[in-house]
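Below, all heavy atoms of this structure are taken into account, side chains as well, without hydrogens, waters or symmetry copies. Keep in mind it's a predicted model, so treat the numbers as computed, not measured.
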Amino acid sequence: MSTTGLTYLFVGVSFGLYFGIAIWSKAGSTRDFYVAGGGVPPVMNGMATAADWMSAASFISMAGIIAFAGYDGSVYLMGWTGGYVLLALLLAPYLRKFGQFTVPDFIGERYYSRTARVIAVVCLIVISFTYVAGQMRGVGIVFSRFLEVPIDWGVIIGMAIVFVYAVFGGMKGVTYTQVAQYCVLIFAYMVPAIFISILITGNPVPQLGLGADVAGEPGTSVLVKLNQVLSDLGFGAYTDGSKSTLDVFAITAALMVGTAGLPHVIVRFFTVPKASDARTSAGWALVFIAILYTTAPSVAAFARLNLVDTVAETPYEQTPQWVKTWEGIGLIGWADKNDDGRIQYGPGDALAGKPEFTGETGASGERQVANPNPDTANELYVDRDIMVLANPEIAQLPGWVIALVAAGGVAAALSTAAGLLLVISSSISHDLLRKTFTPGISDAQELLIARVAIAAAIGVAGYFGIHPPDFVAAVVALAFGLAASSLFPVILMGIFSYRMNKEGAIAGMVAGLGFTMTYIVLFKFAGVSSDYLLFGISPEGIGTVGMVINFAVAYAVSRLTKTPPLAVRELVEHIRIPSGAGAAPSAH
């Protein structure tokens, strides 16, 4: 069977599995829809959390960014894994003890304020739509390449898939679907990694292969070889970094704290039976996540080494089919600037942005680009988001491995997209309507509104997936900065500070989110020069500064205004003692 046929088979079987689970576990109540009935075992919840967490950014894009950024890309590994330690220790058991459905639920009750609840919903929606844009782009890329449809149509197909199992199954359906998706994505990630590690180093353990010697070159490790190859081509050494120490710290902190403030991850800990299970499931999630995250550096290094060996100084006619395939969907572009028919690969941007094709064919058969960059000798544009997906093709692995990676990429993107869309849905139906503006609606009406809201959110998410602001991992990093600067401080202070009041929380959220959003818009969308970055901190790391502003403003305002009521201080005392907590209240 051809690779395309195998891809249809693998992806089709996985979709059938997801649909079957959604139908089997259809949500029949708001409690099922929002928190899966509150009865998910810790190990299964840890696996579902890992799938919810390991999105298209982790599966598709992270290794691609590390492959090109080298040492600088380590901020994603440190930040995204370290955040789970914060989540397990500081938030998960306490929020589970609170026993409600959503993050705005906690903020609204803890800060005894409808305004605080509404602002939390606004923060949540901004974070979630920023995050889901990266997931939908990831879906589009996978379908575009492996199902041979345009990227826009790939996004639309992904929207339809998510609609079926998220709208019908709710959190209950999504939880058990995510368990299956984790199994698919981790198998799809590890199999090619093991194959490629054996081919390059002879070592079947990718984590060890990164430091092993290149096969046939005793005494030359993979990283040493990669440093040599890249230096010969004019790049900096792979193990050198160009970011300032302050920027590395800021990005790592924003990703770490943002992890602990992500609403679609926090809500997963409302689905377990009791508070101690929340901490246990966070530990299991970290184990399941670590399998992929400890493998990603190896995948990144192997991919970059294979790419250079395959294309550098190679005549275009002799390049393998994968180059022409990815070129055909606009994610690789070649500009033959010196008309020698060979691909020159080196530092600098080959094109002025992403490929803009003229519709004409060059002398070597390549798609002509309209936007070559004359200021650099580099002739090759490679989209960072294709490296994991293209890696099996670059290494000439069997067709079934390529098809497996396609199924894994789809599983990673869809699992997180479903979790995010559920958070958006619940914030609208439960927090804005049931708890704020229309408290008289019935459970059945609330469930209907939640399903309508998720359908509308899928449409908006699809638009952002078709028009993304950056690579998948970069877009997702912005969402973490927004979470770090808006929700994390008020959740943390809500648990550990008796003195924090509604005025402080509201002022902190507005100040933190407002500053971070403004900074991101200026440098990501308005085209402001990077020469004007604050202390050299990139938009991906500015959430750390926004978090500090949130804490400072909240603290100052709370000291100038009234202390919280006695009932709220007693609630904080209740939340702070997670041991012995039973099931969550059934009322909401």
Please name the pair of heavy atoms, one in [X] and one in [Y], separated by the smallest distance, quoted to 0.1 Å.
X      : Y      : result
Ser558 : Met500 : OG-CE, 3.7 Å
Arg499 : Arg559 : CG-NH1, 3.0 Å
Pro539 : Leu533 : CD-CD2, 4.2 Å
Met47  : Val179 : SD-CG1, 3.6 Å
Ala505 : Val490 : O-CG1, 3.7 Å
Ile549 : Ala511 : CG2-CB, 4.0 Å

Rounded distance (nearest 0.5 Å) linking atom [atom1] of [X] with atom [atom2] of [Y]:
X      : Y      : atom1 : atom2 : result
Lys562 : Glu503 : NZ    : CD    : 7.5 Å
Lys97  : Leu571 : NZ    : CG    : 10.0 Å
Ile506 : Ile107 : CD1   : CD1   : 10.5 Å
Met256 : Thr544 : CE    : OG1   : 10.0 Å
Arg576 : Ile495 : CZ    : CD1   : 9.0 Å
Leu124 : Phe129 : CG    : CZ    : 10.0 Å

Do [X] and [Y] come close enough that some side-chain heavy atom pair is under 4.5 Å?
X      : Y      : result
Leu91  : Leu492 : yes
Arg117 : Tyr112 : no
Ile537 : Val545 : yes
Cys123 : Ile119 : yes
Ser485 : Asn550 : no
Leu487 : Phe106 : no
Ile491 : Val103 : yes
Lys524 : Glu540 : yes

Is a side-chain N or O of [X] found less than 3.5 angstrom from the main chain of [Y], in a donor-acceptor match?
X      : Y      : answer
Tyr182 : Phe288 : yes
Arg434 : Ser429 : no
Gln445 : Ser442 : yes
Ser128 : Ile424 : no
Arg569 : Pro564 : yes
Thr438 : Ile441 : no

Would the Tyr94 and Phe496 ring centres measure less than 6.0 Å apart?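 Yes - the distance between ring centres of Tyr94 and Phe496 falls below the 6.0 Å cut-off.
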Determine whether the aromatic ring centres of residues Tyr555 and Phe551 are separated by less than 6.0 angstrom.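 Ring-ring flag for Phe551/Tyr555: false, centres at least 6.0 Å apart.
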Give a yes or no on whether Met159 atom CE has more than 12 heavy-atom contacts from other residues, nucleotides or ligands under 6.0 Å away.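 Yes, enclosed.
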Kindly determine whether Ile66 and Asp72 satisfy side chain to side chain contact (heavy atoms under 4.5 Å, CB included), including the steps that lead there. CA-CA 7 Å; Ile66 297 172; Asp72 285 339; over 6 Å; no
Which residue, Leu513, Ile520, Thr518, forms the side-chain contact (heavy atoms from CB on, under 4.5 Å) with Thr516?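 Output: one option passes, namely Ile520.
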Applying side-chain hydrogen bond (donor to acceptor under 3.5 Å, both in side chains), name anything that partners Tyr498, two or more places apart in sequence or on another chain.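 Applying side-chain hydrogen bond (donor to acceptor under 3.5 Å, both in side chains) to Tyr498 gives Glu573.
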Mind telling me whether Phe523 and Tyr519 have parallel, tilted or perpendicular rings, with 30° and 60° as the class edges?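 Judged by the thresholds at 30° and 60°, the geometry between Tyr519 and Phe523 is tilted.
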If you apply the rule side chain to side chain contact (heavy atoms under 4.5 Å, CB included), what do you find for Tyr189 with Ile291, and how did you get there? CA-CA 10 Å; Tyr189 201 86; Ile291 296 173; over 6 Å; no
Run the side chain to side chain contact (heavy atoms under 4.5 Å, CB included) test on Val118 and Phe437 for me, step by step, so that the C-alpha distance in whole Å, both residues' side-chain angles and the decisive distance to 0.1 Å come before the verdict. CA-CA 10 Å; Val118 172; Phe437 297 118; 4.3 Å; yes
Please output the side-chain donor-acceptor pairs of residues 246-255 that fall under 3.5 Å, not counting sequence neighbours, one pair per line with the distance.
residue	atom	partner	partner atom	Å
Asp247	OD1	Ser538	N	2.9
Asp247	OD1	Ser538	OG	3.1
Asp247	OD2	Ser538	OG	3.4
Thr252	OG1	Val248	O	2.8

Between Met62 and Leu292, does a side chain to side chain contact (heavy atoms under 4.5 Å, CB included) hold up when you go through it step by step? CA-CA 11 Å; Met62 181 176 64; Leu292 186 146; 4.1 Å; yes
Modelled atom types, side-chain donor and acceptor of Asn501 and Thr561, under 3.5 Å: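 On atom types as modelled, these side chains qualify, holding a pair under 3.5 Å.
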